[in-house]
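Report on the structure given below.
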Amino acid sequence: SLVGSEMCIRDRVATGERYWYITDKMQVTSDVEKGTVTSNKRYLAGNYFRREKDAIRILSEEIEIRRNFLAEPEIR
């Protein structure tokens with residue numbers, strides 16, 4: 001949601017805690033926060049979830065969006 005003109009950003013987990021993300025193979029997996037460049041990139045891209053069920057929900061919605069896109073007639 002928006003607050004003023006800024007987006008609300010979800011909190012990161014503490015160092016040493018587990019977080020979830022969606023892989024390039026479209027699977028939900030987890031990692032432990034170590035403050036790495038990789039985890040920071042996932043966070044900034046919005047591919048960083050405190051709860052597994054949130055990552056699963058987003059993945060399901062992404063799959064549905066792609067399915068709908070692929071079902072559209074191609075416009076040339």
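All values derive from a computational prediction rather than experimental measurement. For this chain, numbers begin at 1 and follow the sequence in order. The figures that follow rest on heavy atoms only: side chains count, while hydrogens, waters and symmetry mates do not.
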Quiz item: In terms of side-chain heavy atoms, does Y43 have a donor or acceptor partner in E33 at a distance below 3.5 Å?
Solution: no
Quiz item: So do the side chains of W20 and D54 get within less than 4.5 Å of each other, counting heavy atoms only?
Solution: no
Quiz item: In terms of hydrophobic clustering (I, L, V, M, F, W, Y; side-chain heavy atoms under 4.5 Å; direct or indirect links), are Y21 and V13 co-clustered?
Solution: yes
Self-check item: 4.5 Å side-chain heavy-atom contact, R18 and E52
Solution: no
Quiz prompt | Side chain proximity check, Y48 to N40, heavy atoms < 4.5 angstrom | solution = no
Practice problem: May I ask you to test the R42-Y19 pair for a side-chain heavy-atom distance under 4.5 Å? | Solution: yes
Exercise. Could you grab the distance from atom OG1 of T38 to atom CG of D31, nearest 0.5 Å is fine?
Key: 8.5 Å
Quiz item: Can you find a heavy atom in the side chain of R67 that is under 4.5 Å from one in the side chain of E64?
Solution: yes
Quiz prompt | Cluster link L44 to F49, ILVMFWY, side chain under 4.5 Å | solution = no
Quiz item: Honestly curious: do I63 and L70 fall in one hydrophobic cluster under the side-chain, below-4.5 Å linking rule?
Solution: no
Quiz item: Counting distance only, does the side-chain N/O of N47 pair as donor-acceptor with the main-chain N or O of I22 below 3.5 Å?
Solution: yes
Quiz item: If every non-hydrogen atom of R12 is compared with every non-hydrogen atom of R50, which pair is closest and at what distance?
Solution: O-NH1, 2.8 Å
